[in-house]
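Written below as structure tokens is the structure these notes are about.
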Amino acid sequence: MTGTSVLYQSLLLAQREDSPKHPQLNIIRLKEQECLSLLKRCNNMDQFKQVHAQLLKWGLFSNSFAATNLVATCALSDWGSMDYACSIFRQIDDPVAFQFNTLIRGLVKDIQFEEALFLYVEMVERGVKPDHFTYPILLKASARLRGLEEGMQIHGHVFKLGFQGDLFVQNALINMYGKCEEIEFSCAIFNQMDQKSVASWSAIIAAHAKVGLWYECLMLFGEMNSEGCWRPEETTLVTLLSACTHLGALHLGKCTHSSFLRNISELNIIVQTSLIDMYVKCGCLDKGLCLFQTMPERNRLSYSVLISGLAMHGRGQEALRLFSEMLRQGLEPDDVVYVGVLSACSHAGLVDEGLRCFERMITEHGIVPTLQHYGCMVDLIGRAGLLGEALGFIKKMPIELNDVVWRSLLSACKVHHDLEIGEIAAKSLFQLSSQNPSDYVVLSNMYARAQKWDDVARTRIEMARKGLNQTPGFSWVEVSRKVYKFVSQDRSHPKWDNIYEMIHQMEWQLKFEGYSPDTSQVLLDVDEDEKKERLKGHSQKLAIAFALIHTSQGSPIRIARSLRMCNDCHTYTKLISVIYEREIIVRDRKQFHYFKDGTCSCRDYW
DNA sequence: TTAGGGTTAG
């Protein structure tokens, strides 16, 4: 405490000096200055406690200025203790709004959201009027808590006190509703704002990202740009990268990468991980691997994105090697990592290894399996053709089953032509509330293969009775750095005439290659010609036609889809890859399909 | 005299 002793000496000295006008005031100011400088020099709790004791000794605590700064230093510094900050706060007789705000902010920083909200209630009860700084902090707390009810109550208070026009309050409201997945409320606030800051744009984009409206995220970025409200911020760029990843927008992802390199000197681990994820999920596995190798520091998420990426690309063995490396590094895997690991085993056909991993997940890492893990296991066992075992596994599951698990089994039965178990899986699916028309089609096709025509008819009638229609799927394709979205059967596209002409031209070429449309998966009660017309309008085909028109010969076409692929689109795309000599990379919800020279990397299993 | 608000990865 030599430094403090010197200060103390100077303080005593100052007290002896007389100021001609306001001697007392000058001494108080000096004391306050010393108090601040002492607090600023604290680097840990011990030093802080010593300073606190010293200030008490000097009788400085009754001074509101000193009390405020004591609470702020202890609550907001990296080394501070919230308990200690609270105890100091409790010694203040009549805390003012600023002091309440500071402690609330500290509690939010310390992830004590509920306590932060309680303190606000106390503040109101004690008659301290919250100011416009209070609300953004509180809204942040309810956003982090995903507490819509609390958030809406606070919104009510914002109105009552007339803070609804404050820019920061509005930004915080957009964020709160966004985190609670109430995107419409976020949009309503955003749209009525007179003035928008970069933060407003960031908040509305993040709100769209939260509910998976990735295409809308890109559109908002475009708008933000055109309104001249653009300053590359790390966090905003990370959200942009995430949108690129989900949409499979490689070019835009690459541009975002260069934007990072131009504007941010050192890429942190979040940015690096997001970049790896983007490259891997946009089909550039090697680039992702390369970035991973150059990372100075890796965490669980960095490993997680690459493990699941390798699994998606069908490189199960490498994914497992990476998982072992992760464990050797002393990183503890979580449930998401294990989803990647189990799906890697499934893609590589490693049944025993998969079963061992599943066991290890429970016993060694204490992770309770979720439906996703069970889904992977059924997929793994079913893919290997062990359908009886897969069914046995399902029956032993100590968890309520969902459609995904049964659908995995049904899909394995389809591949291995096991009608008996297929029927069990399909019937279980039909009993569940989520009705998916494609389940009926798969079963009906299995009956058709076994030439059970009565059952085919019965299944179709059941489907019609339930009024099930196919949900329109989307495909995204990137052309000249812009992402275009195609919805099945949607003819409203401005370039529709050109696309239709291309589809017509493709159809002729396909006929020469012996293609005949597979109408078995068109679920409408229409004639054969109409069904063929319907097939032509599948979003993936529209996207391919558009890309063939607008990209140079020989360049690869990259598509991302919202749903899994139908048989007809799969066959169609294989043939297009030969006729037009294009590599076509399609990413569906589960995996990648590399179409090249008339074959697909999934070896027709998906 | 002092101090406080939004947005980031699987």
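Just so it is clear: chains get the letters A, B, ... in the order the sequence lines come, proteins before strands, and each one is counted from 1. Everything quoted here is computed from the prediction, not taken from an experiment.
Checked against B/dG5, B/dG10, B/dT8, the side chain of A/His246 finds its nearest nucleotide in B/dG10. Comparing B/dT8, B/dT1, B/dG5 by their closest approach to the side chain of A/Phe65 singles out B/dT1. Of the listed nucleotides (B/dT8, B/dG5, B/dG6), B/dG5 has the atom at the smallest distance from the side chain of A/Arg105. In this structure, the nucleotide among B/dT7, B/dT2, B/dA9 sitting nearest to the side chain of A/Thr236 is B/dT7. For A/His132, counting side-chain heavy atoms from C-beta on, the closest listed nucleotide (B/dG5, B/dG6, B/dG10) is B/dG5.
Between A/Phe168 atom CZ and B/dG5 atom C1' the separation is 6 Å, expressed in whole Å. The separation between A/Glu233 atom CD and B/dT8 atom P is 11 Å, rounded to whole Å. Remark: P of B/dG5 and CD of A/Gln170 are 18 Å apart, rounded to the nearest angstrom. If you take CZ of A/Phe100 and C1' of B/dA3, they are 17 Å apart, rounded to a whole angstrom. For the pair A/Lys590 NZ and B/dG10 P, the computed distance is 20 Å after rounding to whole Å. Atoms CZ (A/Phe292) and C1' (B/dG10) sit 12 Å apart, rounded to a whole Å. Here B/dG5 presents its P atom at 9 Å from CG of A/Leu76, a figure rounded to the nearest Å. Counting to the nearest Å, the P atom of B/dT2 and the CD atom of A/Glu34 are 15 Å from each other.
Within the nucleic acid shown, A/Lys281 comes within 4.0 Å of sugar-phosphate atoms alone, with no base atom in reach, counting heavy atoms only. Residue-level contact check: A/Val169 touches neither bases nor backbone, having no heavy atom under 4.0 Å from any strand. Among the protein residues, A/Ala72 comes within range of no part of the nucleic acid, since none of its heavy atoms lies under 4.0 Å from any strand. Nucleic acid contact for A/Ser242: sugar-phosphate only, since backbone atoms but no base atoms lie under 4.0 Å from a heavy atom of the residue. Among the protein residues, A/His208 comes within range of no part of the nucleic acid, since none of its heavy atoms lies under 4.0 Å from any strand. Backbone-only engagement by A/Val305 is indicated by non-hydrogen atom pairs under 4.0 Å involving sugar-phosphate atoms exclusively. Residue A/Asp131 is classed as a base contact, given a heavy-atom separation below 4.0 Å to a base. Here A/Ser274 lies in heavy-atom contact (under 4.0 Å) with sugar-phosphate atoms only.
Within a 6.0 Å sphere centred on CD of A/Gln372, other residues, nucleotides and ligands contribute 12 heavy atoms or fewer. A 6.0 Å sphere centred on CD of A/Glu114 holds no more than 12 heavy atoms belonging to other residues, nucleotides or ligands. Heavy atoms of other residues, nucleotides or ligands lying less than 6.0 angstrom from CD1 of A/Ile362 number more than 12.
Checked by distance alone, A/Thr235 brings a side-chain donor or acceptor within 3.5 Å of a matching partner on the base of B/dT7. On a pure distance criterion of 3.5 Å, no polar donor-acceptor pair joins the side chain of A/Asn101 and the base of B/dG5. For a distance-only test at 3.5 Å, the side chain of A/Asn299 qualifies as a donor-acceptor partner of the base of B/dA9. The base of B/dG5 is paired with the side chain of A/Asp166 by a donor and an acceptor separated by under 3.5 Å. Remark: the A/Thr273 side chain and the B/dG10 base include no donor-acceptor N/O pair separated by less than 3.5 Å.
Between A/His365 and A/Tyr338, the two ring planes are tilted [angle within 30° to 60°]. Ring geometry for A/His313 versus A/Tyr594: interplanar angle of 30 to 60°, hence tilted.
OP1 or OP2 of B/dA9 has not a single side-chain nitrogen or oxygen of A/Lys210 nearer than 4.0 Å. For the pair A/Lys140 and B/dG6, the criterion of a side-chain N or O lying under 4.0 Å from OP1 or OP2 is met. Close to B/dT2, at under 4.0 Å from its OP1 or OP2, lies no side-chain N or O of A/Asn69. The shortest distance between the side-chain N/O atoms of A/Arg300 and the OP1/OP2 oxygens of B/dG10 is not below 4.0 Å.
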**Q.** Intermediate values then yes/no, side-chain hydrogen bond (donor to acceptor under 3.5 Å, both in side chains), A/Thr134 and A/Asp131
**A.** CA-CA 5 Å; A/Thr134 315; A/Asp131 59 18; 2.9 Å; yes
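A donor-acceptor pair under 3.5 Å is formed between the side chain of A/Thr245 and the backbone N or O of A/Leu241.
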